[in-house]
A.B. asks: 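My structure is below; once you've seen it, I'll send some questions.
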Amino acid sequence: MAVRTTDWRKLPVTLTELCINTTLRCGQSFRWRKSAEDEWSCAIHGRILSLRQDPECLHYRAIFPTTSVPSPPPSTSPSATPSITPDKDDTLALVKHYFNLSTNLGQLYEQWASVDPNFKKRAPKFAGVRILRQDPWETLIGFICSSNNHISRISTMVSNLCLHYGPLIGHIDGVPYHDFPTPETLAKPEVEAHLSKLGFGYRAKYIYKTAVMVAEKGDGLDWLDGLCNPESPAFGKDFGEAGEWTETGREGYRKAHQELLALHGVGPKVADCVCLMGLGWSESVPVDTHVWQIAQRDYRFGKGKNSGLTAATYNAVANHFRRLWGKEAGWAHSVLFTADLKAFSERLVSKAEVKEEATKIKVEDDVAIAENTIKGRKATTKTIKRADKEEEHNVLEAEEKTVRRRSKRLKT
DNA sequence: TAACACCCTGTTAT
DNA sequence: AATAACAGGGTGT
């Protein structure tokens with residue numbers, strides 16, 4: 001296959017602002033591969049993007065196919081017809097966009113540390129964990145695969161999806177790199193049975209049905225793109241307004257989350273992952289079993305017998321973190337999530353340190369969270385029973401009151 | 001609202 | 001060593 005490989009170029013970035021060795025392995029994207037020692041590669045937007053990082057710079061290189069690709073990339077982006085002349089190469093813009101580099105991460109870490117002792121304790125060993133801005137469609141399917149699953153198997157599954165249905169972009173050391181398949185490709189009737197055979201389990205049906213639904217939504221991926229945060233739009237898209245910030249998130253975020261729930265295999269957690277990592281909604285806080293455990297261990301959420309992760313506790317946890325961390329709560333959440341991953345256990349804070357910290361927090365706050373959870377539960381019930389917007393507004397007020405009570409208690 | 005099944009795989013417990 | 005039990009970034013019924 002004829003290809004054109006760009007030179008390595010560099011972009012000044014500190015490890016405080018971005019650490020690819022952590023960010024690319026913390027379960028946000030399931031497609032990056034080590035192509036050499038300290039080199040990561042992935043097929044994105046019609047090219048293979050390769051990255052290296054040293055303390056001063058992020059080094060990047062792209063490999064473009066010069067023959068036409070079998071099927072178009074998954075988004076109506078500038079990469080649909082990859083430019084092969086250096087002056088038209090948009091790889092730098094892609095890198096900046098993919099890594100959300102306009103956000104000042106160091107500043108955010110300082111802010112989170114100043115309001116949250118637990119964050120302050122754990123974050124230092126996990127600097128540079130940054131929320132990626134991935135393709136919404138790829139994010140959606142990736143996280144449908146993630147349900148009740150391990151990161152390693154999710155990666156295998158996504159890789160198989162690309163291998164069998166995605167366009168071949170090129171090779172590195174004989175290893176093929178495929179871009180992510182389009183909804184239309186995955187909406188073909190034979191896909192479900194094939195994915196089952198490939199070991200996708202019950203997710204084979206979810207993927208097929210979701211592909212059909214998205215493909216039927218109309219013009220390519222406009223529906224998904226329309227759910228993006230307009231202040232942080234998809235690569236190559238236009239901008240707009242995102243709505244006013246509240247502790248349940250901006251209106252655009254809530255709308256996107258709700259619409260995603262209509263898809264098969266998409267519940268609250270997966271919808272939040274797509275909102276955060278694919279649609280640019282920074283306040284989205286996906287609450288999985290892991291985050292729920294963190295909330296119980298470090299933030300005094302109900303440890304009682306019947307304290308499962310219900311719809312009510314889900315919202316209570318997410319709202320609590322939004323109140324604590326602010327508009328980029330999802331980014332902070334990702335730092336603590338990463339700090340708890342087994343893959344990074346060598347960096348964990350010692351148990352003695354953690355225990356000491358937990359005790360400190362407990363002294364300040366005890367009953368408040370339990371109360372918060374109960375209020376949240378009542379509010380959620382209302383939402384389900386009466387779906388009109390007036391009631392939903394009341395729910396928001398109820399949540400906000402709960403939060404205020406909690407903050408008062410914390411100060412007393 | 002609370003169970004329970006759902007596909008499969010690597011890890012831990014007998 | 002072989003096998004059971006269980007959890008792993010949940011969702012649908």
Side-chain angles (χ1 to χ4, degrees), chain A residues 22-31 126 129 131-132 134 138-161 191-210 213 257-258 260-278 284-297 302 304-318 321 330-345 373-374 376-385:
Chain A
T22 311
T23 300
L24 297 181
R25 296 195 298 142
C26 70
Q28 285 191 61
S29 170
F30 306 104
R31 237 150 53 76
F126 294 88
V129 177
I131 292 295
L132 301 174
Q134 302 179 74
E138 174 182 339
T139 310
L140 173 61
I141 296 302
F143 282 96
I144 285 177
C145 293
S146 81
S147 74
N148 203 250
N149 208 349
H150 305 264
I151 291 178
S152 61
R153 183 156 80 115
I154 302 166
S155 303
T156 306
M157 287 164 66
V158 171
S159 171
N160 269 325
L161 219 42
V191 168
E192 184 182 337
H194 185 209
L195 292 183
S196 278
K197 209 168 70 179
L198 288 173
F200 279 66
Y202 55 82
R203 303 168 199 83
K205 182 177 288 181
Y206 293 163
I207 292 167
Y208 168 68
K209 286 193 167 182
T210 291
M213 287 179 77
H257 189 266
Q258 190 183 351
L260 288 169
L261 292 179
L263 301 169
H264 289 274
V266 179
K269 189 270 179 181
V270 170
D272 268 321
C273 287
V274 177
C275 283
L276 179 63
M277 301 159 199
S284 177
V285 180
V287 183
D288 51 44
T289 56
H290 220 129
V291 173
W292 174 230
Q293 281 169 27
I294 292 172
Q296 291 178 108
R297 186 192 64 200
K305 296 156 199 167
N306 304 343
S307 60
L309 181 46
T310 65
T313 48
Y314 187 106
N315 290 324
V317 171
F321 284 139
W331 289 53
H333 136 281
S334 194
V335 176
L336 294 192
F337 175 83
T338 304
D340 257 41
L341 278 181
K342 264 195 292 184
F344 300 111
S345 56
T373 308
I374 292 163
R377 177 180 309 240
K378 283 178 183 166
T380 311
T381 311
K382 267 190 194 171
T383 317
I384 293 165
K385 283 184 179 170

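We use all heavy atoms of the structure for the numbers below, so side chains are in, but hydrogens, waters and symmetry mates are not.
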A.B. asks: Between Asn149(A) (CG) and dC6(B) (C1'), how many Å, whole number?
C.D. replies: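 Taking atom C1' of dC6(B) as the reference, CG of Asn149(A) is at 12 Å.
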A.B. asks: Is there, by distance only and without an angle test, a donor paired with an acceptor across the side chain of Asn148(A) and the base of dC7(B) below 3.5 Å?
C.D. replies: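 Side chain to base: pair present.
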A.B. asks: In whole Å, I'd like the distance from the CG atom of Asp340(A) to the P atom of dA7(C).
C.D. replies: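 That distance rounds to 17 Å.
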A.B. asks: Provide the distance between the two P atoms, one in dT9(B) and one in dA1(C), to the nearest whole Å.
C.D. replies: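 Here dT9(B) and dA1(C) have their P atoms 24 Å from each other.
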A.B. asks: Taking any heavy-atom pair under 4.0 Å as a contact, classify Gln28(A): base, sugar-phosphate, or nothing.
C.D. replies: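 Base contact.
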A.B. asks: In whole Å, measure the gap between the P atoms of dA5(B) and dG9(C) for me.
C.D. replies: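 Each nucleotide's P atom is 22 Å from the other's.
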A.B. asks: In the structure shown, which nucleotide is the Watson-Crick or G-U wobble counterpart of dC7(B), with both distances under 3.5 Å?
C.D. replies: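 When the pairing criteria are applied, nothing turns out to pair with dC7(B), so the answer is none.
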A.B. asks: Please work out if Val287(A) contacts a base, only the sugar-phosphate, or nothing of the nucleic acid, heavy-atom cut-off 4.0 Å.
C.D. replies: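 Contact class for Val287(A): none.
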A.B. asks: Under 4.0 Å, heavy atoms only, any strand: does Leu263(A) hit a base, just the sugar-phosphate, or nothing?
C.D. replies: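 Sugar-phosphate: the residue Leu263(A), judged by heavy atoms under 4.0 Å, touches backbone atoms but no base.
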A.B. asks: Classify the nucleic acid contact of Val266(A) as base, sugar-phosphate or nothing, counting any heavy atom under 4.0 Å across all strands shown.
C.D. replies: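 Touches sugar-phosphate only.
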A.B. asks: A side-chain contact here means heavy atoms from C-beta on lying under 4.5 Å apart; do Met277(A) and Leu132(A) qualify?
C.D. replies: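 Of all side-chain heavy-atom pairs linking Leu132(A) with Met277(A), none is under 4.5 Å.
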A.B. asks: Nearest heavy atom decides the nucleotide; on that basis, is Gly265(A) or Cys273(A) closer to the 5' end of DNA chain C?
C.D. replies: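 Counting from the 5' end, the first nearest nucleotide belongs to Cys273(A).
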A.B. asks: Among side-chain atoms of Thr310(A) and Thr313(A), is any donor-acceptor pair under 3.5 angstrom?
C.D. replies: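 Side chains of Thr310(A) and Thr313(A): pair found under 3.5 Å.
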A.B. asks: For the residue pair Ser29(A) and Leu24(A), establish whether any side-chain heavy-atom pair is separated by less than 4.5 Å.
C.D. replies: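 Side chain of Ser29(A) against side chain of Leu24(A), heavy atoms only: no contact under 4.5 Å found.
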A.B. asks: Which part of the nucleic acid, if any, lies within contact of Ile151(A), taking any heavy atom under 4.0 Å across all strands shown: a base, the sugar-phosphate backbone alone, or nothing?
C.D. replies: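 Base contact.
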A.B. asks: Looking at the rings of Phe143(A) and Phe30(A), which for Trp means the six-membered one, are their centres under 6.0 Å apart?
C.D. replies: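 They qualify: ring centres under 6.0 Å apart.
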A.B. asks: Without decimals, in angstroms, what is the distance between Tyr206(A) OH and dT11(C) P?
C.D. replies: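 Checked: the OH to P distance equals 9 Å.
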A.B. asks: Would you indicate what Pro286(A) reaches in the nucleic acid, counting non-hydrogen atoms under 4.0 angstrom: base, sugar-phosphate, or nothing?
C.D. replies: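 Base: the residue Pro286(A), judged by heavy atoms under 4.0 Å, touches a nucleobase.
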A.B. asks: Could you tell me whether Met277(A) contacts a base, only the sugar-phosphate backbone, or nothing, with contacts defined as non-hydrogen atoms closer than 4.0 Å?
C.D. replies: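 Met277(A): base contact, heavy atoms under 4.0 Å.
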A.B. asks: Rounding to an integer number of Å, can you tell me how far Leu309(A) CG sits from dT1(B) P?
C.D. replies: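 So the two atoms are 14 Å apart, to the nearest Å.
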A.B. asks: Calculate the interatomic distance between Met213(A) atom CE and dT11(C) atom C1'; express it in whole Å.
C.D. replies: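 For the pair Met213(A) CE and dT11(C) C1', the rounded distance is 14 Å.
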A.B. asks: So for Arg203(A) and dC8(B), does any side-chain atom that can act as donor or acceptor lie under 3.5 Å from a complementary atom in the base?
C.D. replies: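 Check fails, no donor-acceptor contact within cut-off.
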A.B. asks: So among Ile294(A), Asp272(A), Leu309(A), which one has a side-chain contact (heavy atoms from CB on, under 4.5 Å) with Val287(A)?
C.D. replies: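 With Val287(A) as partner, Ile294(A), Asp272(A), Leu309(A) yield a single side-chain contact (heavy atoms from CB on, under 4.5 Å), made by Leu309(A).
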A.B. asks: Report yes or no: does His333(A) contribute a side-chain atom to a donor-acceptor pair with the main-chain N or O of Phe321(A) at less than 3.5 Å?
C.D. replies: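 Not confirmed, His333(A) side chain does not pair with Phe321(A) backbone.
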A.B. asks: Which is true for Cys26(A) with a 4.0 Å heavy-atom rule: it touches a base, it touches only sugar-phosphate, or it touches nothing?
C.D. replies: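 The residue Cys26(A) makes base contact.
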A.B. asks: Using whole Å, what does the distance between atom P of nucleotide dG10(C) and atom CG of Leu261(A) come to?
C.D. replies: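 For the pair Leu261(A) CG and dG10(C) P, the rounded distance is 16 Å.
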A.B. asks: Got Thr289(A) and Lys269(A) here, is their nearest side-chain heavy-atom distance under 4.5 Å?
C.D. replies: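 When only atoms from C-beta onward are counted, Lys269(A) and Thr289(A) do not touch, as no gap falls below 4.5 Å.
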A.B. asks: Rounded to whole angstroms, how far apart are CD1 on Ile144(A) and P on dC6(B)?
C.D. replies: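 Rounded to whole Å, this separation is 20 Å.
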A.B. asks: When both hydrogen-bonding distances must be under 3.5 Å and the geometry is Watson-Crick or G-U wobble, what is dA2(B) paired with, if anything?
C.D. replies: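 Looking at the geometry, dA2(B) pairs with no nucleotide.
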A.B. asks: So which one's nearest nucleotide on DNA chain B is more toward 5', Ser152(A) or Ser147(A)?
C.D. replies: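 With Ser147(A) and Ser152(A) compared, the 5'-side residue is Ser147(A).
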A.B. asks: Rounded to the Å, how far apart are Ile141(A) CD1 and dT11(C) P?
C.D. replies: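 Rounded to whole Å, this separation is 14 Å.
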A.B. asks: Is Thr289(A) close enough to dA7(C) that one of its side-chain N or O atoms is under 4.0 Å from OP1 or OP2 there?
C.D. replies: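 No, no such contact exists.
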A.B. asks: Picking from dT9(B), dC6(B), dT11(C), which would you name as closest to the side chain of Tyr202(A)?
C.D. replies: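 Given the options dT9(B), dC6(B), dT11(C), the side chain of Tyr202(A) is closest to dC6(B).
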A.B. asks: Ignoring hydrogens and angles, does a donor from either the side chain of His150(A) or the base of dG8(C) sit under 3.5 Å from an acceptor on the other?
C.D. replies: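 Per atom types, the contact qualifies.
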A.B. asks: Would the base of dG10(C) count as contacting Lys269(A) through its side chain, where contact means a donor and an acceptor less than 3.5 Å apart?
C.D. replies: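 Between dG10(C) and Lys269(A), which were checked side chain against base, a qualifying N/O pair under 3.5 Å is absent.
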